[in-house]
Amino acid sequence: MPLLLPKRIKYRKAFRGKRRGAAKGGTSLAFGEFGLKAMENGWVTAAQIEACRVAISRSLSRGGKSWLRIFPDKPVTTHGQEKPMGAGKGMVDHWVAVVKRGRIIFEIDGIPEMLVKDTFRLAASKLPLRTRLVSRHDPLS
């Protein structure tokens, strides 16, 4: 499956923006019984999202359902090697999702908690930020 990217965007190139603060929305479970919550801010690339999705879907082969709650809609540009200063903004290299702390990244339902822990541990190892498992039963989530 190809990497995620938007069909159309208003502007081809975007500013970097700020990566501070807490998430405004998407902080509670909406679909599944368990979720993977971001504990710090950062960018998650489309390739990292796809690697997590593949790891989760492989461990859910016996059943269960997963939901992806983030989408890479921010273009990141880079310049080629040995390009002189002042040659303008580079071309779009890859796409990222801006993830703020408290944001639910993935949700899972239909499998036991022990299997969920292993699945999310695998997925979290492919992400560039700290995460934790949250559930509907847990009062801390």
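Side-chain atoms are counted along with the backbone in the values below, which use heavy atoms only and exclude waters and symmetry mates.
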S.K.: What class does the angle between the rings of His137 and Phe34 fall in, given that below 30° is parallel, 30 to 60° is tilted and above 60° is perpendicular?
M.R.: perpendicular

S.K.: Shortest non-hydrogen contact from Ala46 to Leu3?
M.R.: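 Closest approach of Ala46 to Leu3: O-CD2, 3.8 Å.
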
S.K.: Considering only heavy atoms from C-beta outward, does the side chain of Ile49 approach that of Pro72 to under 4.5 Å?
M.R.: yes

S.K.: Determine whether Val92 and Val44 fall in the same hydrophobic cluster, where Ile, Leu, Val, Met, Phe, Trp and Tyr are linked whenever their side-chain heavy atoms lie under 4.5 Å apart.
M.R.: no

S.K.: At their closest point, which heavy atom of Ile105 faces which heavy atom of Ala38, and how far apart are they?
M.R.: CD1-CB, 3.8 Å

S.K.: For the atom pair CG (Asn41) and CZ (Arg103), what is the distance rounded to the nearest 0.5 Å?
M.R.: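 Answer for the CG-CZ pair, Asn41 versus Arg103, is 12.5 Å.
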
S.K.: Are the side chain of Lys89 and the backbone of Lys13 linked by a donor-acceptor contact shorter than 3.5 Å?
M.R.: no

S.K.: Could you tell me which non-hydrogen atom of Glu40 sits nearest to which non-hydrogen atom of Arg130, and how far apart they are?
M.R.: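 In terms of heavy atoms, the two residues are closest at OE2-N, 3.0 Å.
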
S.K.: Atom CE in Met91, atom CG in Asp93: separation rounded to 0.5 Å?
M.R.: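 Result: 10.5 Å between the selected atoms.
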
S.K.: Going through the checks in order, is the side chain to side chain contact (heavy atoms under 4.5 Å, CB included) test met by Asp109 and Phe31?
M.R.: CA-CA 8 Å; Asp109 198 3; Phe31 305 103; over 6 Å; no

S.K.: Between NZ of Lys37 and CZ of Arg69, what distance do you get to the nearest 0.5 Å?
M.R.: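 Rounded to the nearest 0.5 Å, the NZ-CZ separation comes out at 10.5 Å.
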
S.K.: Same cluster or not: are Val76 and Val98 linked, directly or through other Ile, Leu, Val, Met, Phe, Trp or Tyr residues, by side-chain heavy atoms under 4.5 angstrom apart?
M.R.: yes

S.K.: I need the minimum non-hydrogen distance between Leu60 and Ser66, along with the two atoms involved.
M.R.: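 Heavy-atom minimum between the residues: CD1-CB, 3.6 Å.
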
S.K.: Using the rule that Ile, Leu, Val, Met, Phe, Trp and Tyr join whenever any side-chain heavy atoms are under 4.5 Å apart, tell me whether Leu127 and Leu4 fall into a single cluster.
M.R.: yes

S.K.: Any heavy-atom pair between the side chains of Val99 and Trp43 that's under 4.5 Å?
M.R.: no

S.K.: Pair Phe106, Thr119 - check side chain to side chain contact (heavy atoms under 4.5 Å, CB included), show working.
M.R.: CA-CA 11 Å; Phe106 287 98; Thr119 302; over 6 Å; no

S.K.: What distance separates Lys117 NZ from Glu113 CD, expressed to the nearest 0.5 Å?
M.R.: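 Answer rounded to 0.5 Å: 5.0 Å.
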
S.K.: Mind running side chain to side chain contact (heavy atoms under 4.5 Å, CB included) on Leu36 and Ile56 for me, showing each step along the way?
M.R.: CA-CA 11 Å; Leu36 189 65; Ile56 288 172; 5.9 Å; no

S.K.: Considering non-hydrogen atoms only, spot the tightest contact between Ala87 and Lys83 and give its length.
M.R.: CB-CG, 4.2 Å

S.K.: Measuring from Ile70:CD1 to Ile104:CD1, what's the distance to the nearest 0.5 Å?
M.R.: 11.5 Å

S.K.: Do Trp95 and Ile9 pass the side chain to side chain contact (heavy atoms under 4.5 Å, CB included) test, and can you show the C-alpha distance, the side-chain angles, and the key distance before you say yes or no?
M.R.: CA-CA 12 Å; Trp95 295 84; Ile9 51 170; 3.5 Å; yes

S.K.: Could you measure the distance from the CG atom of Leu115 to the CZ atom of Phe120? Nearest 0.5 Å is fine.
M.R.: 10.5 Å

S.K.: Name the one of Leu29, Leu68, Val134 that satisfies side-chain contact (heavy atoms from CB on, under 4.5 Å) with Glu107?
M.R.: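 Of all the options given, the one that passes is Leu29.
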
S.K.: Quick one: closest heavy-atom pair of Pro6 and Asp73, and the distance?
M.R.: CG-CA, 4.0 Å

